[in-house]
Novice: 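Sending over a structure as structure tokens; questions will come in a sec.
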Amino acid sequence: MSVAKLRVLVVDDEPFVCKIAERVLQREGFEVVTVTDGEQALTALAEHDDFALVLLDSSLPDMDAEGVLELMRARGFTTPVLLSSGYGADAVPKADEYPNIRGFLAKPYAVAALAARVRELLGLADP
């Protein structure tokens, strides 16, 4: 599958973070949808069954990452998730609890680190 056909959902309550992630991932050739809370993320997942990856902030205004992951599981969404947080990996749910977690990216993340991690998780070689 070409990168241009891959859609990534970015979930972060900080508009600046959403904009940076969107620009970086679009530059890499991905289609990007951004939302600012957990409910919007769940709605987007329900409306589009073709997300290749969710970049999920661990702390959102309406629920934390564990709440989003729990509702994803309850609603049958198995989309891979890359968690992000400024609080460190200890502040996020563990992959043994939620099988769709594919990794963690510390915030603030470097542009190159974000692009490389997403490409790696989606099984794409570096450009």
Side-chain angles (χ1 to χ4, degrees):
M1 179 177 287
S2 79
V3 172
K5 297 203 184 303
L6 295 177
R7 184 183 300 202
V8 177
L9 176 61
V10 176
V11 186
D12 201 298
D13 61 320
E14 297 177 53
F16 180 74
V17 173
C18 281
K19 187 52 83 180
I20 293 295
E22 180 179 37
R23 286 184 182 161
V24 168
L25 296 174
Q26 284 177 340
R27 191 175 310 134
E28 291 291 315
F30 297 102
E31 182 178 335
V32 181
V33 174
T34 62
V35 297
T36 57
D37 66 38
E39 280 302 325
Q40 291 174 356
L42 294 164
T43 298
L45 286 165
E47 291 175 353
H48 305 282
D49 64 354
D50 61 347
F51 283 108
L53 183 72
V54 177
L55 175 60
L56 177 62
D57 184 18
S58 68
S59 178
L60 299 166
D62 61 340
M63 66 182 84
D64 60 12
E66 190 167 4
V68 174
L69 290 163
E70 197 59 48
L71 288 170
M72 284 178 68
R73 178 174 24 210
R75 296 176 187 181
F77 301 130
T78 58
T79 308
V81 174
L82 175 59
L83 294 169
S84 67
S85 175
Y87 299 107
D90 292 338
V92 299
K94 304 296 179 225
D96 57 346
E97 299 171 45
Y98 299 97
N100 55 330
I101 294 175
R102 297 296 187 270
F104 173 77
L105 186 62
K107 288 183 0 182
Y109 36 76
V111 169
L114 172 61
R117 191 71 172 120
V118 169
R119 291 181 72 78
E120 173 191 347
L121 290 174
L122 295 177
L124 304 168
D126 284 339

Novice: Indicate yes or no: at least one non-hydrogen side-chain atom of R7 is less than 4.5 angstrom from one of V33.
Specialist: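 Contact flag for R7/V33 side chains = yes.
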Novice: To the nearest 0.5 Å, how far apart are CG in N100 and CZ in R73?
Specialist: 8.0 Å
Novice: Taking the side chain as C-beta and beyond, is there a heavy-atom pair between L45 and R75 under 4.5 Å?
Specialist: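 No, every pair of side-chain atoms sits at 4.5 Å or beyond.
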Novice: Checking side-chain polar atoms at under 3.5 Å, does T36 have a donor or acceptor matched by the opposite partner on Q40?
Specialist: yes
Novice: Report the distance from atom CG of L114 to atom CD1 of I20, rounding to the nearest 0.5 Å.
Specialist: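 Going from the CG atom of L114 to the CD1 atom of I20 covers 10.0 Å.
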Novice: What closest approach, in Å, do P61 and D13 show between heavy atoms, and which atom pair accounts for it?
Specialist: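 That would be CD-CB, 3.4 Å.
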Novice: Could you state the interatomic distance from CG (L6) to CD (E28), rounded to the nearest 0.5 Å?
Specialist: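 Going from the CG atom of L6 to the CD atom of E28 covers 12.0 Å.
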Novice: Can you name the nearest heavy-atom pair linking T79 to M72, along with the distance?
Specialist: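 Closest approach of T79 to M72: O-CE, 3.8 Å.
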Novice: For residues S85 and D57, report the shortest heavy-atom separation together with the two atoms involved.
Specialist: CA-OD1, 4.4 Å
Novice: Which distance, rounded to the nearest 0.5 Å, do you find between the OG1 of T43 and the NE2 of H48?
Specialist: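 It comes to 10.5 Å.
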Novice: Any side-chain heavy atom of V11 within less than 4.5 Å of one from V68?
Specialist: no
Novice: Where do A65 and L83 come nearest, in terms of heavy atoms and distance?
Specialist: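 Minimum heavy-atom separation between A65 and L83: CB-CD2, 3.9 Å.
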Novice: Identify the heavy atoms of E14 and K107 that sit nearest to each other, and give their distance.
Specialist: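 Distance-wise, the nearest heavy atoms are OE2-NZ, 3.5 Å.
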Novice: Take atom CZ in R23; do more than 12 heavy atoms of anything else shown fall under 6.0 Å from it?
Specialist: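 It does not: R23 CZ has 12 such atoms or fewer within range.
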Novice: Would you indicate whether the side-chain heavy atoms of F30 and V118 approach each other to under 4.5 Å?
Specialist: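 Of all side-chain heavy-atom pairs linking F30 with V118, at least one is under 4.5 Å.
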Novice: Which pair of heavy atoms, one from Y109 and one from A21, lies closest together, and at what distance?
Specialist: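 Reported closest heavy-atom pair: OH-CB, 3.9 Å.
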Novice: Does K5 pair with D50 as a salt bridge, N-O distance under 4.0 Å?
Specialist: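 No, this pair does not count.
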Novice: Supply the atom-to-atom distance L69 CG to I101 CD1, rounded to the nearest 0.5 angstrom.
Specialist: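 Answer for the CG-CD1 pair, L69 versus I101, is 5.0 Å.
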Novice: In Å and rounded to the nearest 0.5 Å, what is the OG1 to CG distance from T34 to L55?
Specialist: 11.0 Å
Novice: Is a side-chain N or O of R117 found less than 3.5 angstrom from the main chain of A115, in a donor-acceptor match?
Specialist: no
